[in-house]
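Reviewing the structure listed below.
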Amino acid sequence: MAEISFDGRVAIVTGAGGGLGRTYALDLARRGAKVVVNDLGGSVDGQGGSDAAAQKVVDEIKSAGGEAVPNYDSVSTPEGGENIVKTAVDAFGKVDIVINNAGILRDKSFAKMTWEDLDLVLDVHLRGAFYVSQPAFKVMKENNYGRFVFTSSNSGIFGNFGQANYGAAKLGLVGLSNVLAIEGAKANILSNCIAPVARTRMTEELLGDFAKVLDPEGVTPMVVFLASEQCTFTHETFSAAGGRYARIFIGLCKGWYGGKDTHPTAEDVLDHIDEIENQDGYIVPNNSGDELGQLLGLLSG
Ligand SMILES: NC(=O)c1ccc[n+]([C@@H]2O[C@H](COP(=O)([O-])OP(=O)(O)OC[C@H]3O[C@@H](n4cnc5c(N)ncnc54)[C@H](O)[C@@H]3O)[C@@H](O)[C@H]2O)c1
């Protein structure tokens with residue numbers, strides 16, 4: 001089995017002071033990466049902050065013989081994002097890998113959600129990933145190498161009660177990753193998402209008994225693989241939980257087309273809804289052009 005090594009690579013892991021991020025930082029460092037351990041050190045709902053979380057993981061890495069530096073900025077501002085990337089460049093000269101992992105929860109049913117709940121969640125998960133990834137993308141482009149891993153969630157991809165803000169932010173990350181995959185391709189920059197499930201402070205109460213079999217370490221191998229040189233995938237999303245890894249994709253079905261010069265009505269849609277819904281022969285587009293290509297073929301007869 002080929003060994004996956006990160007010798008000579010520099011990784012940023014956001015929100016790495018605990019939970020899933022900590023396991024990524026530890027495994028990357030164990031495999032030779034120089035790691036920026038970023039964490040604001042606040043509560044699950046995004047209050048407060050402390051240097052202790054990031055520092056503790058840096059200490060853990062160093063005492064195991066690895067290399068790491070802490071960063072305590074919030075990902076949720078452009079200045080914070082810039083400074084996280086600057087920390088990597090100042091300490092280690094470059095950035096090869098960004099694992100966008102920092103996150104908070106402000107769960108409320110949609111009718112009860114406040115705009116503050118919306119803003120905070122979008123700022124950390126979605127805007128935060130922009131603020132860290134853009135300065136990193138520029139460095140990666142210059143070096144003609146990069147790996148992004150974005151942390152999506154089944155709450156956004158499939159939907160979950162009480163998580164309108166979180167779900168929207170998490171599916172937004174799939175959109176961001178897909179575009180980075182396309183824009184980064186020429187510069188050997190790959191971008192993928194994971195949808196993890198694991199026992200962390202964020203979820204242990206929600207998961208109940210199921211939590212026992214969902215160690216964070218059951219997610220880590222997928223993330224580390226996606227961050228590696230050996231990974232050639234891009235524009236993909238993977239479920240990772242409890243040691244099971246599975247591709248998630250957005251497919252486009254064949255659909256129904258009435259034919260040239262027809263003017264379909266809502267009644268035609270009703271009459272053909274089974275064909276419109278039918279999943280046989282779907283494609284998995286790699287970009288919007290794949291849909292347009294399929295459509296052009298059909299419409300031009
Ligand atoms: N645990 C799960 O089952 C699960 C499921 C789906 C998605 N996720 C996602 O995985 C990621 C990691 O979550 P976790 O379960 O390890 O939770 P966690 O609370 O243990 O870890 C999140 C970390 O992000 C840090 N953080 C929060 N806001 C920050 C900010 N503005 N700047 C920098 N750091 C910040 C926190 O201090 C914390 O250490 C999150 O994005 C979460 O939404 C987790």
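When a ligand or atom number is given, it counts from 1 through the structure's own listing order.
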**Request:** Establish, yes or no, whether the cationic atom of R9 lies under 6.0 Å from the six-membered ring centre of F92 and within 45° of the ring axis.
**Result:** no
**Request:** Could you label the plane-to-plane angle of the H272 and W256 rings as parallel, tilted or perpendicular, counting under 30° as parallel and over 60° as perpendicular?
**Result:**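 Geometry flag for W256 against H272: parallel rings.
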**Prompt:** Relative to the ring of F249, is the ring of Y282 parallel (under 30°), tilted (30 to 60°) or perpendicular (over 60°)?
**Reply:**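 It falls in the parallel class, under 30°.
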**Message:** Heavy-atom contacts with ligand 1 below 4.0 Å: which residues, ordered by chain and residue number?
**Reply:** G15, G18, G19, L20, N38, D39, L40, G41, G42, D73, S74, V75, N101, A102, G103, I104, V124, H125, T151, S152, S153, Y166, K170, P196, V197, A198, T200, R201, M202, T203
Can you list, pair by pair, the side-chain donor-acceptor contacts under 3.5 Å of residues 179-191, counting residues two or more places apart and other chains?
from : atom 1 : to   : atom 2 : distance (Å)
S191 : OG     : S177 : O      : 3.4
S191 : OG     : S177 : OG     : 2.9

**Message:** Taking side chain to side chain contact (heavy atoms under 4.5 Å, CB included) as the definition, give me every residue that meets it alongside L206, ordered by chain and number, with sequence neighbours left out.
**Reply:** none
**Asked** Taking only residues two or more places apart in sequence or in another chain, which ones pass side chain to side chain contact (heavy atoms under 4.5 Å, CB included) with L214?
**Response**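 Scan of L214 (side chain to side chain contact (heavy atoms under 4.5 Å, CB included), adjacent residues dropped) gives V197, L207, F210, A241.
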